[in-house]
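Take a look at the structure below.
Chain letters run A, B, ... following the sequence lines, proteins first and then strands; every chain starts at 1. Note: hydrogens, waters and symmetry copies are ignored here, and every other heavy atom, side chains too, is used.
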Protein chains: 2
Amino acid sequence: MATTIRQVATAAGVSVATASRALSGSAAVVASTKERVCRVAEELDYTPSRLGRSLATGSTGNVGVILPDVTNPFYTSFLAELETVLGARDIGILVGDSHENPELERSLIRRMTGQVDALILASSRLQDADIAMAADRLPVVLANRMLEPGTDCPDRLSQIALDIDPGFTEAARHLWALGHSQIAYVDGPLHSWSGRQKRESLTRVCAELGMSLIISRTEQPDFSGGRESLAGVDTDEVTAVIAFNDQVALGLLSALRDTGIAVPERISVIGCDDSLPNGLAWPSLTTVDSSSRTLGALAAAAILDPLHQRTGTVPSRLIVRESTAQRWGRAATSVHTGTSVVT
Amino acid sequence: MATTIRQVATAAGVSVATASRALSGSAAVVASTKERVCRVAEELDYTPSRLGRSLATGSTGNVGVILPDVTNPFYTSFLAELETVLGARDIGILVGDSHENPELERSLIRRMTGQVDALILASSRLQDADIAMAADRLPVVLANRMLEPGTDCPDRLSQIALDIDPGFTEAARHLWALGHSQIAYVDGPLHSWSGRQKRESLTRVCAELGMSLIISRTEQPDFSGGRESLAGVDTDEVTAVIAFNDQVALGLLSALRDTGIAVPERISVIGCDDSLPNGLAWPSLTTVDSSSRTLGALAAAAILDPLHQRTGTVPSRLIVRESTAQRWGRAATSVHTGTSVVT
DNA sequence: GGAATGAATGAAACCGGTTACATTGCTACT
DNA sequence: AGTAGCAATGTAACCGGTTTCATTCATTCC
């Protein structure tokens with residue numbers, strides 16, 4: 001089949017050991033020999049087998065990435081960043097889609113363990129114990145998730161998360177400043193760690209401000225889930241909605257448009273992630289920026305760093321665009337559009 | 001580190017050969033022995049090393065997928081379908097993003113060859129010769145691309161493409177029926193095979209109908225490329241635009257909105273792929289449906305089928321929604337919305 | 001001149017599986 | 001009873017690399 005190192009060695013008149021050394025440069029080989037081996041390898045179009053090398057060295061040059069949904073832009077930019085940074089170092093990526101399913105996630109981990117050098121779990125829906133068990137076998141990077149404070153963290157586990165608190169605090173204050181006093185939050189899947197963070201942030205800030213907060217959820221944090229989730233929002237009670245992510249916000253926007261409820265005049269909408277190219281949503285979406293690209297960059301850094309930094313955090317902030325405005329029912333001038341809104 | 005088959009064999013008091021046979025069921029092993037080996041394996045939490053197995057059997061249980069942009073929804077649904085179908089058979093996916101760059105694509109192929117059982121090249125930007133060379137080494141599935149008719153096709157090359165001709169023909173006729181006589185087509189990257197198909201289809205149909213067609217292109221067939229591409233469209237001359245894909249159409253829609261040109265009243269817009277969840281675009285996008293999910297399903301089938309079907313085709317058709325209407329300047333009733341449009 | 005030093009290379013073990021071939025032991029037939 | 005035939009199991013080679021250890025040979029120092 002493909003040329004092996006033995007063929008190269010024979011053709012160059014050296015032993016396989018010398019051929020291996022000449023090609024990998026791992027040990028001293030006299031210049032003339034090295035040159036000859038390399039030339040022969042070139043002629044025979046030799047490419048070392050990664051399998052053979054992996055078995056011998058114990059390192060595969062691949063990492064596994066498991067995420068809940070490959071079609072979600074949040075994860076695709078995360079993945080794109082990883083692929084770019086790791087690919088530049090000739091590291092391959094085995095990708096697995098858990099479809100938000102813990103059982104499937106476990107079996108993906110099982111399949112990958114042993115053929116990758118490290119595992120990156122994005123928004124893992126597993127329990128802490130399962131994650132710790134995986135980290136016992138190989139280095140693991142948890143992205144967009146942290147273990148419970150109490151848990152004793154295995155040595156080879158890194159944790160990279162978005163610190164959504166500042167962004168969500170800002171978002172609530174922004175709405176408060178616009179006169180909103182009753183808002184809704186549409187949360188994501190049940191076992192989402194980041195969902196809990198967002199709920200907790202909002203709950204705390206709203207309590208501080210004396211703003212009423214109604215929480216509902218969608219198990220499917222994408223566009224269609226967002227559309228359906230409008231049914232769970234009392235649009236008579238509430239004047240603003242914060243969504244788990246931009247996809248859900250986009251779905252809400254679309255459903256609101258169908259229902260004839262004007263955004264931002266009647267209801268303000270805030271997304272999360274800033275994952276949409278600017279201009280895609282209409283009106284353009286006020287959102288909590290927490291770059292998944294940066295998350296990917298940090299995860300890649302955790303993989304490449306031999307010391308394996310234990311934790312990392314991506315900051316967040318509010319980006320105000322055109323989907324939020326003065327509260328409905330209050331005669332006032334919209335701070336953003338300048339158009340006049342009356343009762 | 002991890003338990004090996006030799007440890008299992010020793011613990012069960014059999015040879016490695018028997019252990020291997022008992023665990024894989026490849027040959028006859030007496031029931032009691034088999035039961036004992038399996039129980040020991042269970043106790044020791046043994047998982048066979050895919051590396052060792054790959055080296056011995058010559059098959060890795062992984063396939064490589066190379067695509068031009070992991071963040072493009074067209075490719076992510078393609079990838080998602082592949083992952084689902086192949087994952088169900090416990091086949092792993094190594095993913096590579098070529099960033100529309102032939103050089104990078106070649107190096108990804110080089111990296112993957114030898115550690116995958118087959119390669120899936122989506123919208124490859126390589127030359128036919130490069131592709132044939134890859135197919136000499138391992139089975140290759142070309143997706144969304146066909147070799148030149150003349151090229152002698154290697155044995156292990158499958159070709160799965162979208163037959164966009166019916167859809168694009170329908171699209172042009174649709175516009176013609178609405179009274180449009182001057183239309184524009186915004187094409188994708190220079191070396192895109194599907195782009196050429198689309199250009200050729202439109203050129204042919206427009207010539208038949210006597211409709212004038214102006215072609216421009218964007219090298220970046222995504223939302224922002226679409227926004228920029230409006231600059232290359234003479235909106236005074238043309239009353240309808242067909243886009244390379246839905247992302248570009250979405251960008252056009254956004255840029256047109258900014259410019260204050262109403263869609264579909266002033267200009268009709270048609271996308272391609274039907275890759276957007278319904279309701280995401282506003283107005284909802286008339287588009288040529290050519291499911292990339294189906295493309296993925298066919299590619300997966302080509303991988304799984306031991307006979308390797310040589311070619312497959314995904315049909316296309318026009319889906320009329322709300323971004324196309326009667327030509328601007330003609331007093332008439334819009335066929336779709338029922339709203340009256342006058343000069 | 002002889003021994004110590006060290007550089008270049010080769011032989012062989014090893015990574016963790018699979019499998020061709022050899023061996024053992026039992027059944028069944030003549 | 002002797003042997004052919006077959007099922008269960010073991011031995012060892014093999015996949016394609018890397019790496020330890022041994023060997024060879026030239027240099028340098030005393």
(message) Please report the distance, rounded to the nearest Å, between CD in A/Gln115 and P in C/dG16.
(response) 15 Å
(request) Describe the nucleic acid contact of A/Ser20 in one word from base, sugar-phosphate, nothing, applying a heavy-atom distance below 4.0 Å. (result) base
(message) Let's see if you can work this out: which of D/dA12, D/dG17, D/dT18 has an atom nearest to the side-chain heavy atoms of A/Ser24?
(response) D/dT18
(message) Between the base of D/dG16 and the side chain of A/Arg50, is one N or O donor paired with an acceptor at under 3.5 angstrom?
(response) no
(request) Describe the nucleic acid contact of B/Arg6 in one word from base, sugar-phosphate, nothing, applying a heavy-atom distance below 4.0 Å. (result) base
(request) Provide, to the nearest angstrom, the distance between the CD1 atom belonging to B/Ile5 and the P atom belonging to C/dG16. (result) 12 Å
(message) Is there a side-chain contact between A/Arg53 and the phosphate of D/dG16, meaning an N or O under 4.0 Å from OP1 or OP2?
(response) no
(message) Contact between B/Val141 and B/Leu121 at the side-chain level, heavy atoms closer than 4.5 Å - yes or no?
(response) no
(request) For the side chain of A/Ala17, starting at C-beta, report the closest nucleotide among C/dA11, D/dG10, D/dC15. (result) C/dA11
(request) Round to the nearest Å and state the distance from A/Lys34 atom NZ to C/dA7 atom P. (result) 16 Å
(request) Report yes if a side-chain nitrogen or oxygen of A/Thr18 is closer than 4.0 Å to either non-bridging phosphate oxygen (OP1 or OP2) of C/dG10; otherwise report no. (result) yes
(message) Please check this pair: side chain of A/Ser292 against backbone of A/Leu295, looking for a donor-acceptor N/O pair closer than 3.5 Å.
(response) no
(message) With a 6.0 Å cut-off (strictly less than), is the heavy-atom count around CD of A/Glu35, excluding the residue itself, greater than 12?
(response) yes
(message) Tell me the interatomic distance from B/Leu55, atom CG, to D/dT18, atom P, rounded to whole angstroms.
(response) 12 Å
(message) Both A/Thr57 and B/Ser32 contact DNA chain D. Which one's nearest nucleotide lies toward the 5' end?
(response) B/Ser32
(request) Check whether any side-chain N or O of B/Ser15 sits under 4.0 Å from OP1 or OP2 of D/dG10, and answer yes or no. (result) yes
(request) Mind calculating the distance between CG (A/Leu51) and P (D/dC15) to the nearest angstrom? (result) 14 Å
(request) Could you check which of D/dT11, D/dT18, D/dT20 has an atom nearest any side-chain atom of A/Arg21? (result) D/dT20
(message) Please report the distance, rounded to the nearest Å, between CG in A/Leu23 and P in D/dT18.
(response) 8 Å
(message) If you apply the rule side-chain contact (heavy atoms from CB on, under 4.5 Å), what do you find for B/Leu162 with B/Thr313, and how did you get there?
(response) CA-CA 6 Å; B/Leu162 304 172; B/Thr313 294; over 6 Å; no
(message) Using a 3.5 Å distance criterion without hydrogens, assess whether the side chain of A/Thr33 forms a donor-acceptor pair with backbone atoms of A/Val29.
(response) no
(request) Tell me what A/Thr33 touches on the nucleic acid: a base, only sugar-phosphate, or nothing, going by heavy atoms under 4.0 Å. (result) sugar-phosphate
